[in-house]
Chemist: 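Can you keep this structure in mind? I'll have questions shortly.
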Amino acid sequence: MARIALDAMGGDFAPQATVAGALLALAELDPAHSIQLVGRTAVVDAQLRDYLDGDFAALAHQRDRITIVEAPDVIEMTDKPSAAVRGKPNSSMAVGLRLQTDGSSDAFVSAGSTGAQMAASMVLLKLHAGLKRPAIVTLFPSARKTIAVLDSGANVDCSAEELVQFARLGATYAECMLGRANPAVGLLSIGEEAEKGNAVTKETHPLLVDSGLNFIGNVEGRDLPAGGTEHQQVDVVVCDGFVGNVVLKFYEGVAPLMMETLRKAGVSSDQLESALKHLDYSEHGGAPLLGVKGVSIIAHGKSSPRAVKNAVKVAAQAVTSRMNDRIGERLGAVAASAEDAA
């Protein structure tokens, strides 16, 4: 059973998209799961009643699985991340995360400010022992299987040690959420050779070789859409948040470009949407913030109801797979091994 707190006020299209996404998610999730809509009660309740009396009348029976939690304040995109905790302690984001720390919820999902959610998650949920920073993991479509890329925006500058930690987080994520046994980890660089890359990349390479992970070496940008190198599939790709976010935004722009190009060539819209569906970020819904002691799912600011629905489903899977517990266990084993070696 997963109790999922959803920031009803977060995102460009809230609360319409968030409330609709919650209803769509409940229709697909196991009946044991429930959703807590966190936000301004009057606004959320009015939107929920409007949907259940109209477009979503067929889902009226799902109402018993929804709880509305009052949160009078909203974190705006223009607010500084610190406002998520100190400036607006009664925001839908802060209240939603505190439900987890209070033991009243199992996961949190928001399409609000990424910076604010990361800051609030670090303060309220805390980091696993031994970690310096959390990382955002994003699924990238490829010609083979989807690839987990991290960090995709939380940390602009990273040390070699932090990149190795991200690799461990990504490998555990791939096992829990993607079902990949002994996932292959690649380091994003400008060439396959170990000596290529910037100073941090070159310092990280030998650390990953000795990490005990299934490290396959450097991978290049062209290997992401290919799903790996010519000889090896890759499951997890590690980079700093600056590079990861640039690649992510590039990926987001590929589908519209391809659709427009092919549309001009006479391919029908239905065929295009079907063929390029896997390139749509809303298919994956949300990106987990790995490293915090809890489940915090970051959804795209422009999330549609379908994207919100899928983000909630990601949160439910993270809870039922015990992803957070397994990350803690894995990091604890690494720390114990290091102490024994010392």
Side-chain angles (χ1 to χ4, degrees), residues 1-8 10-11 14-15 17-39 44-45 47-49 51-52 55-69 92 96-111 121 125 137 139 145-146 148 172-181 277-278 280-290 292-300 303-329:
M1 178 187 77
R3 300 162 298 174
I4 302 161
L6 173 61
D7 181 0
T18 48
V19 174
L23 290 169
L24 292 173
L26 289 174
E28 296 183 14
L29 288 172
D30 186 281
H33 299 318
S34 60
I35 292 178
Q36 299 151 322
L37 291 173
V38 186
V44 177
D45 185 58
Q47 185 62 65
L48 183 58
R49 283 189 285 106
Y51 276 146
L52 294 180
D55 294 343
F56 292 90
L59 299 179
H61 62 288
Q62 304 291 357
R63 180 64 181 86
D64 292 342
R65 298 167 64 192
I66 295 175
T67 303
I68 300 176
V69 179
S92 52
L97 284 165
R98 279 203 299 272
L99 289 173
Q100 240 177 118
T101 63
D102 295 342
S104 303
S105 186
D106 303 299
F108 176 70
V109 178
S110 178
S121 297
L125 300 179
V137 59
L139 290 179
K145 297 180 179 179
T146 53
T172 306
Y173 171 87
E175 291 176 359
C176 294
M177 302 290 282
L178 305 180
R180 311 279 175 84
K277 183 179 180 181
H278 65 293
D280 185 355
Y281 71 85
S282 66
E283 284 297 303
H284 302 294
L289 182 65
L290 300 183
V292 295
K293 292 192 287 187
V295 177
S296 182
I297 307 297
I298 297 173
H300 200 290
S303 287
S304 63
R306 182 176 66 169
V308 173
K309 174 198 74 173
N310 288 328
V312 170
K313 292 174 68 175
V314 169
Q317 185 184 1
V319 174
T320 56
S321 70
R322 294 182 58 250
M323 180 188 75
N324 181 57
D325 293 338
R326 291 175 66 177
I327 285 175
E329 293 165 1

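Atoms considered below: every heavy atom in the structure, side chains included; atoms not considered: hydrogens, waters and symmetry mates.
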Chemist: Taking the side chain as every heavy atom from C-beta outward, state whether Leu26 and Leu59 have any atom pair closer than 4.5 Å.
Modeler: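 No, too far: nothing below the 4.5 Å cut-off.
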Chemist: Taking the side chain as every heavy atom from C-beta outward, state whether Val292 and Asn324 have any pair of such atoms under 4.5 Å apart.
Modeler: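 When only atoms from C-beta onward are counted, Asn324 and Val292 do not touch, as no gap falls below 4.5 Å.
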Chemist: Can you list everything that forms a salt bridge (Lys or Arg N to Asp or Glu O under 4.0 Å) with Glu28? Sequence neighbours excluded, please.
Modeler: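 Applying salt bridge (Lys or Arg N to Asp or Glu O under 4.0 Å) to Glu28 gives Lys309, Lys313.
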Chemist: Got a sec, which residues hit salt bridge (Lys or Arg N to Asp or Glu O under 4.0 Å) with Arg98, two or more places apart in sequence or on another chain?
Modeler: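 Testing Arg98 for salt bridge (Lys or Arg N to Asp or Glu O under 4.0 Å), a comparison that skips the adjacent residues, returns none.
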Chemist: Below 4.5 Å, heavy atoms only, C-beta onward: do Ile327 and Tyr173 meet side chain to side chain?
Modeler: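 No, their side chains stay 4.5 Å or more apart.
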Chemist: Can you name the side chain to side chain donor-acceptor pair (under 3.5 Å) partners of Arg326, sequence neighbours left out?
Modeler: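 Arg326: no side chain to side chain donor-acceptor pair (under 3.5 Å) contacts found.
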Chemist: Any chance you could measure Leu29, atom CG, to Arg65, atom CZ, to the nearest 0.5 Å?
Modeler: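 Taking CG in Leu29 and CZ in Arg65, the distance rounds to 6.5 Å.
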Chemist: Nearest 0.5 angstrom please: Leu289 CG to Leu125 CG, how far?
Modeler: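 It is 8.5 Å, given to the nearest 0.5 Å.
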Chemist: Output the distance between atom CD (Gln100) and atom NZ (Lys293), rounded to the nearest 0.5 Å.
Modeler: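 Answer for the CD-NZ pair, Gln100 versus Lys293, is 12.5 Å.
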Chemist: Do the non-hydrogen side-chain atoms of Leu97 and Ser121 ever get within less than 4.5 Å of each other?
Modeler: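 They are in contact (side-chain heavy atoms under 4.5 Å apart), so the answer is yes.
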Chemist: So do the side chains of Glu329 and Thr172 get within less than 4.5 Å of each other, counting heavy atoms only?
Modeler: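 SC-SC contact between Glu329 and Thr172 ruled out.
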Chemist: If I take atom CG from residue Leu37 and atom CG from residue Asp45, how far apart are they, to the nearest 0.5 angstrom?
Modeler: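 Leu37 CG to Asp45 CG: 10.0 Å, rounded to 0.5 Å.
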Chemist: Rounded to the nearest 0.5 Å, how far apart are NE2 of His33 and CE of Met1?
Modeler: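 Atom-to-atom, His33:NE2 and Met1:CE are 9.5 Å apart.
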